[in-house]
Amino acid sequence: MNPKWLILNLLLLFAFGACQTKNHNSELLSMETFEVPKFRLIETDTFHFNNFVDCNMAEVWIGDTLRIFPGKYGEDPVWGFAEDLKFASGFNADEVFSSPASAYIAPKLPKNAPLGQPGLHGAVWFETVYQDQRDSSGKTLYAIYHNENYPETLPFNPETGEGYIDKDWPLGLTERITPAAVCRIGVMKSTDGGWSWENKGLFLEDKQPRMILKPHNISKTFAGGVGDPSAVAVGEYLYLFYGEYGYQGVYEAQNYDPLVEASGQCISIARISLDDLDDPQGKAKRWDGIGFNAAWNGVGKPVSSLQIPVTEGGGPASSPGGGFHWGPSVSWNDYLECWVMLMGRVDGQSWIGDKLYISFNPNRDFGEGTNSQAWTKPQLLVEKPGRVLWYPSLQPLSTAGDIENKYTSLRLGKKARLFFKFSDLGKYMSLYEVEFEK
């Protein structure tokens with residue numbers, strides 16, 4: 001190994017260890033008596049999903065109808081304008097997940113705002129749908145969306161600090177010379193069960209000073225930002241689990257420190273009051289190491305137990321080797337009486353990674369103490385050597401119990417179907433069921 005990288009790795013190892021020791025001490029009381037659940041994969045016939053998926057699967061029961069919202073919508077100068085964000089409905093999970101592409105319906109979505117004007121910019125993906133429990137009809141929905149922009153779609157506005165400066169901008173995912181995107185997280189609302197949506201504003205974002213630029217960002221992933229979220233409601237709050245891809249502070253090329261970058265990545269948590277979802281911008285708070293105190297566009301701290309140690313290949317997201325978990329999908333498990341998180345792992349440029357992982361949290365209430373941070377060390381769930389695996393999620397079965405309980409990817413039982421995307425094949429499918437044991 002190059003001596004320079006050896007020293008860097010030792011420094012990273014020390015930093016991760018110090019961070020984890022500090023955070024874990026406050027979690028020992030809840031974790032030391034927790035027996036980590038067991039799980040096993042049950043191989044099944046391949047369950048092919050028949051439409052485009054490039055995100056977590058957002059779904060909700062409206063009465064006796066299960067509705068899913070995969071796909072992408074909006075302006076994208078690299079990939080082209082997208083109109084794939086559509087929904088399908090059915091009376092059970094198998095029915096709706098096997099819907100042919102022709103059965104999907106395009107909802108009414110807000111148009112992209114003109115360049116330089118307030119409103120929706122870039123493309124969006126619905127990652128989670130929260131159903132307002134105050135509406136007995138079940139038709140009031142809040143979609144938590146992943147949003148991607150470029151300097152071309154969201155140029156820097158010095159008056160507001162929003163947007164990006166097209167200077168030293170890193171390369172993006174394609175093999176062509178195209179720019180990297182920046183991700184943000186926002187909220188849309190529907191009052192008619194998902195047939196039409198209104199943009200309510202941003203949940204979280206990282207601004208220009210945190211973008212990681214040339215010559216250091218050579219990952220062909222993001223220039224920075226926050227994205228790939230999963231959200232669950234607990235008490236009076238919606239808790240957001242998301243990927244953190246920006247610099248841990250202000251990025252300056254002359255002072256860049258990979259140790260600093262790696263310490264701030266990658267799965268983090270924020271929360272917002274359910275009462276603020278109609279006007280979310282500026283209302284959310286990120287975890288700062290002590291509590292939910294950091295601003296919605298400020299610098300928080302990731303879940304230390306979900307970070308990958310240097311000795312196991314961890315490193316900055318902007319590096320060519322990657323080394324971080326991403327794309328969390330969080331659900332409450334009625335049988336285990338604990339939270340379950342699935343996630344991917346990046347081990348190379350362009351989001352390359354052939355493994356999926358699972359973690360558990362025994363604390364029902366994320367708002368108390370450090371409960372939200374008390375996740376077990378991720379365990380290997382699936383490995384497909386040579387493949388590229390994205391967006392794992394647990395989905396309901398079509399059993400009488402799952403239908404009666406109206407299970408979705410946010411709440412499940414003893415057995416669930418595992419879906420994930422073979423990104424290199426462009427296919428989203430299920431090869432397994434997962435069975436849990438206490």
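We're numbering straight along the sequence, starting at 1.
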Checklist entry - Does the pair K38/E437 count as a salt bridge with the N-to-O cut at 4.0 Å? => result no
Checklist entry - Between D347 and R345, is there a side-chain N and carboxylate O pair less than 4.0 Å apart? => result yes
Item to check | Mutual orientation of the aromatic rings belonging to Y432 and F420 [parallel < 30°, tilted 30-60°, perpendicular > 60°] | outcome: parallel
Checklist entry - Parallel, tilted or perpendicular: which describes the rings of W351 and W390, with under 30° parallel and over 60° perpendicular? => result perpendicular
Item to check | side chain to side chain donor-acceptor pair (under 3.5 Å) between N293 and D288, intermediate numbers included | outcome: CA-CA 6 Å; N293 303 311; D288 68 353; 3.3 Å; yes
Next on the checklist: Between the side chains of K72 and D54, is the shortest nitrogen-to-carboxylate-oxygen separation below 4.0 Å, so that they form an ion pair?
Outcome noted: no
Next on the checklist: If the threshold is 4.0 Å, N to carboxylate O, is there a salt bridge linking E59 and K406?
Outcome noted: no
Next on the checklist: Closer than 3.5 angstrom, by distance alone: can the side chain of S99 be matched with the main-chain N or O of E95 as a donor-acceptor pair?
Outcome noted: yes
Checklist entry - Salt bridge check: are D279 and K200 linked by an N-O gap of less than 4.0 Å? => result no
Next on the checklist: Less than 4.0 angstrom from a charged side-chain N to a carboxylate O is my criterion; do R40 and E435 meet it?
Outcome noted: yes
Next on the checklist: Could you tell me if E261 and S318 have a donor-acceptor pair between their side chains, going purely by distance under 3.5 Å?
Outcome noted: yes
Item to check | Pair T140, D135: side-chain N/O donor-acceptor within cut-off below 3.5 Å | outcome: yes
Item to check | Parallel, tilted or perpendicular: rings of F292 and W287 (30°, 60°) | outcome: perpendicular
Checklist entry - For the residue pair W339 and W332, does the interplanar ring angle fall in the parallel (under 30°), tilted (30 to 60°) or perpendicular (over 60°) class? => result perpendicular
Checklist entry - Are the charged groups of D275 and K283 less than 4.0 angstrom apart, N to O? => result no
Checklist outcome for this item: Sequence neighbours excluded, the answer for ring-ring contact (aromatic ring centres under 6.0 Å, His included) partners of H121 is none
Next on the checklist: When you measure from the centre of the six-membered ring of Y237, is the NZ or CZ of R271 closer than 6.0 Å and no more than 45° off the axis?
Outcome noted: yes
Item to check | Partners meeting ring-ring contact (aromatic ring centres under 6.0 Å, His included) with Y164 (sequence neighbours left out) | outcome: W169
Checklist outcome for this item: Only residue of Y245, Y150, F324 satisfying ring-ring contact (aromatic ring centres under 6.0 Å, His included) with F222 is Y245
Item to check | Over-ring placement of K438 relative to Y335, 6.0 Å and 45° cut-offs | outcome: yes
Checklist entry - Salt bridge between R210 and E244, side-chain N to carboxylate O under 4.0 Å? => result yes
Checklist entry - Can you check whether P110's main-chain N or O pairs, donor with acceptor, with Y73's side chain at less than 3.5 Å? => result yes
Checklist entry - Can you tell me how far the NZ atom of K189 sits from the CH2 atom of W197, to the nearest 0.5 Å? => result 11.0 Å
Next on the checklist: For R417, run the side-chain contact (heavy atoms from CB on, under 4.5 Å) check against D94, D402, V434 and tell me which one passes.
Outcome noted: D94
Which pairs would a plain distance check flag for residues 77-90, meaning a side-chain donor or acceptor within less than 3.5 Å of a matching protein atom at least two apart in sequence or in another chain?
unit_1, atom_1, unit_2, atom_2, d
S89, OG, R67, NE, 2.7
S89, OG, R67, NH2, 3.3

